[in-house]
Protein chains: 2
Amino acid sequence: MTDKRYENAMNRLKENNVRITPQRQIILKYMIETDEHPSVETIFHILEKTFPNLSMATVYNNLRLFKKLNLIIEMPSVDGGYRYDFYDHPHFHATCDNCNKIIDVDDPEFPEIDKHLQEAASKDGFKPTVTSVEVHGICKECQEKEAK
Amino acid sequence: MTDKRYENAMNRLKENNVRITPQRQIILKYMIETDEHPSVETIFHILEKTFPNLSMATVYNNLRLFKKLNLIIEMPSVDGGYRYDFYDHPHFHATCDNCNKIIDVDDPEFPEIDKHLQEAASKDGFKPTVTSVEVHGICKECQEKEAK
DNA sequence: ATACTTGCAAAGTTTTTGCATTACA
DNA sequence: TGTAATGCAAAAACTTTGCAAGTAT
């Protein structure tokens with residue numbers, strides 16, 4: 001269903017009078033396809049291969065743009081900088097504080113929880129847009145390594 | 001109850017064989033007392049007043065340490081860098097994407113939700129420590145400003 | 001046609017590091 | 001006393017900006 005998600009993303013750009021450029025297309029396509037939660041640098045280095053004169057600044061600019069349009073979410077990584085995730089359905093993350101891996105958690109109850117959290121945050125006239133949940137901890141692999 | 005929280009924090013340091021230095025004391029005290037969710041720079045500039053030769057590196061080092069000891073949590077701020085929060089009881093944040101203000105949300109159901117989220121994240125042997133929840137959006141004041 | 005976007009390089013920020021000095025335990 | 005922590009300054013890393021050239025609509 002990559003196509004549907006991609007089309008929706010393109011529509012979101014159009015709705016907001018944002019021009020559709022090849023750079024924006026490949027960045028969004030990559031963000032939809034990957035489940036790596038990549039950093040800016042990773043995105044740049046991967047896309048650079050097929051788009052040699054892509055610039056880092058363009059990646060930065062567009063990630064910021066996509067974030068503003070609620071197409072992607074940004075999360076801080078313990079190793080500095082941020083990681084990005086195409087966010088088309090409510091889910092949250094388990095992030096390993098040791099190896100910095102980010103794992104998607106698909107919890108059937110999450111949409112409901114999300115709703116509750118946004119309602120709770122709406123006190124005092126606050127108007128919610130996106131909820132970001134990170135469960136920090138240590139992944140299985142790192143626990144096993146530590147055991148040694 | 002600042003004293004109790006401070007004592008607990010000191011004990012956490014001792015338990016981990018971390019030396020108690022004046023720098024660590026004032027940083028923790030400040031983190032307990034403030035409800036500002038300060039940035040590294042704010043922390044540094046405030047404490048520098050009463051502790052003139054405090055160094056930025058020390059603030060960085062200790063915030064990282066406190067984070068590792070789960071005394072504080074770190075959250076990315078839209079204006080770049082991070083904001084820090086002494087985290088002694090489960091709560092979450094509403095963060096304004098316009099003015100970057102961070103508001104504590106004390107939801108009576110949050111401890112339960114927190115528990116649920118950690119359980120959901122525990123699939124595949126992941127071992128959770130701290131849950132971080134940010135509801136992004138626009139605060140009342142910024143909505144009013146935008147209306148004009 | 002014309003405004004928005006890009007790419008490049010340079011500037012600006014933020015964060016980390018190395019090392020001599022200091023001070024907890 | 002011995003080791004960990006600090007402070008300083010320099011280095012590294014990260015992110016933004018200015019502007020000429022290119023391009024989507």
Side-chain angles (χ1 to χ4, degrees), chain A residues 9-30 37-69 71-72 74-84 97 100, chain B residues 9-30 37-69 71-72 74-84 97 100:
Chain A
M10 285 301 128
N11 287 335
R12 184 83 54 94
L13 298 189
K14 282 175 196 158
E15 285 160 22
N16 288 274
N17 300 310
V18 170
R19 288 190 184 168
I20 292 168
T21 64
Q23 290 86 343
R24 286 177 177 156
Q25 292 178 310
I26 60 168
I27 295 171
L28 275 172
K29 252 183 196 150
Y30 173 65
H37 307 87
S39 64
V40 177
E41 253 209 278
T42 304
I43 297 169
F44 176 71
H45 283 310
I46 299 254
L47 296 181
E48 195 187 22
K49 288 176 192 162
T50 53
F51 205 111
N53 64 341
L54 177 66
S55 124
M56 201 74 164
T58 300
V59 176
Y60 272 104
N61 288 336
N62 284 315
L63 289 175
R64 182 166 39 178
L65 172 70
F66 297 158
K67 191 176 68 170
K68 199 174 291 176
L69 297 176
L71 286 170
I72 62 175
E74 178 188 76
M75 27 201 174
S77 173
V78 180
D79 58 359
Y82 298 90
R83 303 298 199 82
Y84 296 87
D97 288 337
N100 305 316
Chain B
M10 287 301 127
N11 288 335
R12 184 83 54 92
L13 297 189
K14 282 174 197 160
E15 284 160 22
N16 288 276
N17 300 311
V18 170
R19 289 190 183 168
I20 292 169
T21 65
Q23 291 85 345
R24 286 175 179 161
Q25 294 179 307
I26 60 167
I27 295 172
L28 277 172
K29 254 184 195 149
Y30 173 65
H37 308 87
S39 64
V40 178
E41 253 210 279
T42 302
I43 296 169
F44 175 70
H45 284 308
I46 298 254
L47 297 180
E48 196 188 20
K49 289 176 193 164
T50 54
F51 205 111
N53 65 340
L54 177 66
S55 121
M56 200 76 164
T58 299
V59 176
Y60 271 105
N61 287 338
N62 284 314
L63 288 175
R64 182 164 40 179
L65 172 70
F66 298 157
K67 191 176 69 170
K68 200 174 290 175
L69 296 175
L71 286 170
I72 61 174
E74 178 187 77
M75 27 199 174
S77 172
V78 179
D79 57 0
Y82 298 90
R83 304 298 200 80
Y84 296 88
D97 288 338
N100 304 315

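A, B, ... follow the sequence lines: proteins, then strands. Residue 1 opens every chain.
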*Find which nucleotide of DNA chain C each of B:Y82 and B:V18 is nearest to by heavy atoms, and output the residue with the more 5' nucleotide.*
B:Y82

Checking contacts here: which listed nucleotide ([options]) is nearest the side-chain heavy atoms of [X]?
| X | options | result |
| --- | --- | --- |
| B:R24 | D:dC14, C:dT15, D:dT6 | D:dT6 |
| A:T21 | C:dT14, D:dA24, D:dG7 | D:dA24 |
| A:R19 | D:dT16, C:dA25, D:dT23 | D:dT23 |
| B:R64 | C:dT6, D:dG7, C:dT16 | C:dT16 |
| B:Q23 | D:dT6, C:dG7, D:dA24 | D:dT6 |
| A:A57 | C:dC4, D:dT6, C:dC8 | C:dC8 |
| B:S55 | C:dG7, D:dC8, C:dT15 | D:dC8 |

Round to a whole Å and report the spacing from [atom1] of [X] to [atom2] of [N].
| X | N | atom1 | atom2 | value |
| --- | --- | --- | --- | --- |
| A:M56 | C:dA11 | CE | P | 19 Å |
| B:L28 | D:dA5 | CG | P | 14 Å |
| B:L63 | D:dA5 | CG | P | 15 Å |
| B:N53 | C:dT21 | CG | P | 16 Å |
| B:L13 | D:dA4 | CG | P | 16 Å |
| A:L65 | D:dA24 | CG | C1' | 15 Å |
| B:N61 | D:dC8 | CG | C1' | 13 Å |
| B:I43 | C:dT14 | CD1 | P | 14 Å |

*What do the steps show when you test B:Y30 against B:I43 for side chain to side chain contact (heavy atoms under 4.5 Å, CB included), and what is the final call?*
CA-CA 8 Å; B:Y30 173 65; B:I43 296 169; 3.9 Å; yes

*asked:* Classify B:F44 by what it touches in the nucleic acid, base, sugar-phosphate, or nothing, heavy-atom distance under 4.0 Å.
replied: nothing

*Have a look at B:P52 and say if it touches a base, only the backbone sugar-phosphate, or nothing, with a 4.0 Å heavy-atom cut-off.*
nothing

[N], OP1 or OP2 - any side-chain N/O from [X] closer than 4.0 Å?
| X | N | answer |
| --- | --- | --- |
| B:T58 | D:dG7 | yes |
| A:N17 | C:dC4 | no |
| A:Y60 | D:dT16 | no |

*Working for side chain to side chain contact (heavy atoms under 4.5 Å, CB included), residues A:L28 and A:F66*: CA-CA 9 Å; A:L28 275 172; A:F66 297 158; 3.6 Å; yes

*Under 4.5 Å between any side-chain heavy atoms of A:E41 and A:V59, yes or no?*
no

_A:R24 and A:T58, any side-chain heavy atoms less than 4.5 Å apart_ = no

*Go through the steps to decide whether B:F51 and B:Q23 satisfy the test side chain to side chain contact (heavy atoms under 4.5 Å, CB included), and finish with yes or no.*
CA-CA 8 Å; B:F51 205 111; B:Q23 291 85 345; 3.9 Å; yes

*For the salt bridge (Lys or Arg N to Asp or Glu O under 4.0 Å) test, which of B:R64, B:K67, B:R83 pairs with B:E74?*
B:K67

